[in-house]
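Here is the structure we will look at.
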Amino acid sequence: MTLRVLIAGAGVGGLALAQALRQAGLAVTVFERAPTVRADRRGYRININRVGGDALAACLPKDLFRLYLATSHDEARARVAVFDHRMRPLYATDVGVDGTATPRDHTGVNRLTLRQIMLAGLEREVRFGQEVVGFEQTPGRVRVRLADGSTAEGDLLVGADGVGSAVRAGLLPHVRTRDTGVRCLWGRTALRPALRDLLPAPLFDRVAVTVAPQGRVGIWGAYRARQPHGEAAATVTPPVSLDPEPDYLMWVLSGEPRGPFAAEQWRTASSAGLHRYAADATTGWHPALHQAVREAVPEDCFVQNVRVADRPPAWQAGRVTLLGDAIHPMSPAGGTGANTALRDAAVLADKLTAVRHPAGLVPAVAAYETEMCRYGFAAAAESLRYGERFAQAIRHAGKETHR
């Protein structure tokens, strides 16, 4: 049986699923709201743990998987090290499910680079500038409605369209995401040699978290590709073209829901205003951290509202399903969001490629949803626990400061 699968969203989860289904000979079409893959460059460095790496290996052709490894960050450890704002050690914690102090293949990757790798071979299947806004199910098909008024039909629709998913709104209208009150201010700074020499070593071989008084936390992760992108593509997969990406330090400033980093004025602040706020907020922190924030390009600064969702009651499986943030949005504290979306893609692809008769499609979707909800919402709960542990460290840092 040849299924036609429609996917809403060309993020890492949607593209991983498309790659896996295409390799299995299934027909797939991906609808992406953004006009190009470069239109939204936010997100920067993604942590890839063992779960995410195994999912990528299952979904990608072998040459693209090798290219992903070649362009990933050369990182030695899979632990988060937690420091105070002056980089004095507090404690270390495992990251996700594969925390280990041993060298590993799967570390960090630049989001745009990973998406460009995952788009290779899908040029005809991915339709940029086309947004799914709704759908209708019939006993034998599903029809999607696009923002431009056109429609498309297939056997299955997969909503991989993020936390504001239009597909989820149509499938599970009673499910609401909730704002945790936490705001994350993202930025990145080019690692010019003079700055790189000043930054503490832990920023380069693991993710580092700094906690400061007044309810403030910083997350720091370097991105230095194992090979230059052009060189890696020419060696591993010559047809694939990757944008060059200079080494950089990704940083995120956040805090407790009622702390100063949850200020409502962040909703409308300009990138320049966010950059000024970040520079002011890190005054008195380790001098190299403060300098890194000051040297960031203001246009690279943006704010993310952290939203989560509770596990919904069981629903009737059909010709529409969800993956990633569209069904289980989670806090970035545990670094597991993208990895769980990749796992969703691998599990769903495995269920779909086993379908041999039309009557087997809906049971395959039901089996996927049962499995996905089990581990997906467990990962979401774990990410909240990471966030609470950071919050406890923040409160402890404040007490230590005021002694």
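If you read the sequence from its start, that first residue is 1, and numbering goes on from there. Reckoned from all heavy atoms, side chains included, excluding hydrogens, waters and symmetry mates.
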Kindly list each side-chain donor-acceptor pair under 3.5 angstrom involving residues 119-129, sequence neighbours excluded, with atom names and distances?
{"unit_1": "Glu123", "atom_1": "OE1", "unit_2": "Gly121", "atom_2": "N", "d": "3.1"}
{"unit_1": "Glu123", "atom_1": "OE2", "unit_2": "Gly121", "atom_2": "N", "d": "3.3"}

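Looking at Tyr44, its side chain does come within 3.5 Å of a backbone N or O of Asp300 through a donor-acceptor pair. Here the side chain of Gln19 pairs a donor or acceptor atom with the backbone of Met118 at under 3.5 angstrom. Of the possible donor and acceptor atoms, one in the side chain of Asn339 sits under 3.5 Å from a partner among the backbone N and O of Asn47.
Applying the side-chain hydrogen bond (donor to acceptor under 3.5 Å, both in side chains) rule to His290 yields the partners Thr282, Arg294; only residues at least two apart in sequence or on another chain are considered.
Remark: Arg311 CZ is packed, more than 12 non-hydrogen atoms of other residues, nucleotides or ligands lying under 6.0 Å away.
Within the 4.5 Å cutoff, no side-chain heavy atoms of Val252 are placed close to those of Gln304. Counting heavy atoms from C-beta on, the side chains of Ser254 and Ile219 never come closer than 4.5 Å. Side-chain contact check for Leu67 versus Leu60: every heavy-atom pair is 4.5 Å or farther apart. Using a 4.5 Å heavy-atom threshold, the side chains of Leu3 and Leu156 count as separate. In this structure, the side chains of Val236 and Leu69 stay at 4.5 Å or more apart for every pair of heavy atoms.
For the residue pair Tyr368 and Asp350, no side-chain donor N or O sits within less than 3.5 Å of a side-chain acceptor on the partner. The closest side-chain donor-acceptor pair between His229 and Asn110, if any, does not fall under 3.5 angstrom.
Cation-pi geometry between Arg45 and Tyr223 is not met at under 6.0 angstrom from the ring centre and within 45 degrees of the axis.
Asp310 has a carboxylate O that lies under 4.0 Å from a charged side-chain N of Arg178, or vice versa, which qualifies the two as a salt bridge.
Interatomic distance, Arg319 CZ to Gln137 CD, rounded to the nearest 0.5 Å: 8.0 Å.
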